[in-house]
Amino acid sequence: MPLAFHDFAHDLEYDQLPEQVLTVLRRSFLDTMGVAAIGSTTEMAAIARQGATALFGAGSAGAARVLMDGTPLSPAGAAMAGAFTIDSVDAHDGTSPCKGHAGSAVFPALLAFADTRQDMRGSDFALLLAIAYEVSYRAGLAQHASCADYHTSGAWTAVGVATALARGLDASADAIRQAAGIAEYHGPRSQMMRCIEHPTMLRDGVGWGAPTGVTAAYLAQAGFTGAPALTCEDAPAYWNDLGTRWRLIEDTHYKPYPCCRWAHPSIDAARDLMRTNNLTHGNIAKVDIKTFHYATQLAGHRPRTPDEFAYSIAFPVAAMIVRGQLGAAELTNDTLNDPDILRISHATTLIDDAHLTKISAGKRWAQVTLTTTDGTVYASAPRTPRGDADDPLSDTEISDKFHLFTDPVKGRDQAHRIEQLCMRFDSLKAEAFSELLDLLLSPP
């Protein structure tokens with residue numbers, strides 16, 4: 001008989017986690033904290049901290065410090081502010097089959113919970129992370145298969161957060177089931193395409209998904225009922241192999257660039273064409289991007305804000321052509337007004353390709369053609385983005401990205417210490433894990 005999700009969450013132990021699961025969680029920990037560091041400097045994060053402070057003061061559940069800031073709030077408040085902080089820079093890990101992200105909700109929620117505990121060990125935290133990721137991914141797959149609207153990640157990460165946090169609260173299997181149902185019911189069923197077509201600070205919904213999951217767990221522990229979670233109990237095709245197959249191993253990807261994943265295959269293709277053919281941006285007269293339907297909806301040729309940059313495709317491709325990189329420097333207002341980038345961006349055409357749309361189910365496909373000022377045409381083969389499980393970023397690339405984002409915020413020494421601890425966090429005793437929390441939950 002298939003394993004019920006609430007029994008999975010209640011009975012799973014750290015020693016049962018495969019090494020591949022722990023490897024993914026270590027990489028996600030480091031990668032997500034790097035994004036949190038640079039995200040903490042954004043206007044969006046500052047506004048979110050103000051809002052969370054107004055709504056969620058520290059209460060009886062204990063104070064939890066805001067990620068990369070240190071402000072003491074309730075666990076729900078710290079989860080909200082932390083999720084918006086990570087989501088403010090679109091460079092965190094994701095899952096292509098779910099068309100979204102789990103870590104941006106899971107990490108701030110569970111770090112907030114951990115901060116209320118004095119004896120949390122790394123192995124305890126790893127167990128909660130594994131539960132939250134796995135339940136989130138499967139709930140997301142079920143939701144996308146059963147709902148007409150394309151909802152943001154906050155809708156299904158709320159379920160994963162609630163399930164894991166209820167386990168952390170030592171809730172019974174039935175209370176874990178109730179927590180998932182509460183979180184699903186109250187989770188933000190926000191429409192993703194609205195934010196893609198009209199980019200603002202709403203982003204991927206995790207700023208409300210994370211605190212919804214936290215609140216659901218505490219409610220369920222107190223006896224509040226809300227089961228069933230339909231994505232967990234009415235979609236058996238996505239749960240039949242729970243406990244024997246780990247979706248988080250297969251489906252987690254990492255981003256080399258701080259923008260929507262849908263733009264990444266085009267960015268990679270443009271980068272490789274420029275390098276292979278020894279081209280400069282002055283050589284480029286025209287860019288054609290064939291890609292899947294959703295990607296052509298990305299806002300685009302002249303983003304005015306970091307939010308519009310995050311959900312664009314023509315502009316980041318142009319930035320790669322001009323600068324040969326997409327890092328923290330490309331997130332500034334100066335970049336948005338760079339005349340060379342704007343010229344290339346306005347010379348870019350997006351082509352809705354039926355075949356690439358058909359095959360972009362679990363993958364994201366694109367093909368780029370560059371035409372030079374002398375009429376020479378350079379065309380890439382259709383490709384998927386780097387960072388998926390079958391074309392992973394190396395540990396060195398993950399580390400370099402982390403330091404690119406974190407060193408200017410935390411300083412090289414603190415960043416190096418955070419990296420050391422994140423990459424072996426599951427083996428940390430309570431004292432060392434507390435040190436890691438202090439590093440992550442303190443102001444720059």
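What you find for W239 and T231 is that their closest heavy atoms are NE1-O, 2.7 Å. Among all heavy-atom pairs drawn from A76 and P211, the shortest one is O-CB, 3.5 Å. Taking both residues in full, the closest heavy atoms of A175 and A220 are given as O-CB, 3.3 Å, listed atom of the first, atom of the second, then distance. The two residues D31 and I398 have their closest heavy-atom pair at OD1-CD1, 4.1 Å. Closest of all the heavy-atom pairs between P306 and L336 is N-CD1, 4.3 Å.
Residue V159 forms a side-chain contact (heavy atoms from CB on, under 4.5 Å) with just one option from V135, I182, T212, L230, and that option is V135.
With sequence neighbours excluded, the residues forming a ring pair (Phe, Tyr, Trp, His ring centres under 6.0 Å) with Y257 are H264, listed by chain and number. Partners of A379 according to the side chain to side chain contact (heavy atoms under 4.5 Å, CB included) rule, which considers only residues two or more places apart in sequence or in another chain, are Q367, T369.
Salt-bridge formation is not detected for the pair R386/D391: no Lys NZ or Arg NE/NH1/NH2 atom is positioned less than 4.0 Å from an Asp or Glu carboxylate oxygen.
Aromatic ring pairs are classed by plane angle as parallel below 30°, tilted from 30° to 60° and perpendicular above 60°; the pair H253 and H101 is perpendicular. F29 and F107 have tilted rings, their planes meeting at an angle from 30° to 60° on a 0 to 90° scale. In this structure, H144 and W156 have perpendicular ring planes: the angle between them is above 60°, well past the 30° mark.
The shortest side-chain heavy-atom distance between Y254 and P392 does not fall under the 4.5 Å cut-off.
Side-chain contact, S172 with D174: no donor N or O sits under 3.5 Å from an acceptor N or O. The closest side-chain donor-acceptor pair between S123 and D426, if any, does not fall under 3.5 angstrom. A donor atom on one side chain and an acceptor atom on the other are not found under 3.5 Å apart for T396 and S399. Y378 and D272 form no side-chain donor-acceptor contact under 3.5 Å, judged by distance and modelled atom types alone. In summary, the side chains of S312 and R302 do not present any donor paired with an acceptor at a separation below 3.5 Å, with no hydrogens or angles considered. Side-chain atoms of T252 and Y137 include a donor-acceptor pair closer than 3.5 Å. For the residue pair Q178 / H6, no side-chain donor-acceptor distance below 3.5 Å is found, with atom types taken as modelled. Inspection of the T152 and Q191 side chains reveals no N or O donor paired with an N or O acceptor under 3.5 Å.
For D87 (side chain) and D204 (main-chain N/O), a donor-acceptor pair under 3.5 Å exists by modelled atom type. Of the possible polar contacts, none joining the D149 side chain to the H151 backbone as a donor-acceptor pair under 3.5 Å is found. Between the T296 side chain and the H293 main chain, a donor and an acceptor come within less than 3.5 Å of each other. A donor-acceptor pair under 3.5 Å links the side-chain atoms of Q16 to the main chain of E13, judged by distance alone. A donor-acceptor pair under 3.5 Å is formed between the side chain of T348 and the backbone N or O of I344.
Around the NZ atom of K290, the shell of radius 6.0 Å holds no more than 12 heavy atoms that belong to other residues, nucleotides or ligands. Within 6.0 Å of OH on Y150 lie more than 12 heavy atoms contributed by other residues, nucleotides or ligands. By the neighbour-count criterion of 12 heavy atoms within 6.0 Å, atom CZ of R271 is densely surrounded, having more than that number from other residues, nucleotides or ligands. Counted within 6.0 Å of NE2 on H346, heavy atoms from surrounding residues, nucleotides or ligands total more than 12; the atom is thus considered enclosed.
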Test T200 against D307 for side-chain hydrogen bond (donor to acceptor under 3.5 Å, both in side chains), laying out the working first.
CA-CA 5 Å; T200 64; D307 309 294; over 6 Å; no
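The cationic atom of R177 (NZ for Lys, CZ for Arg) does not lie both less than 6.0 Å from the six-membered ring centre of F5 and within 45° of the ring axis.
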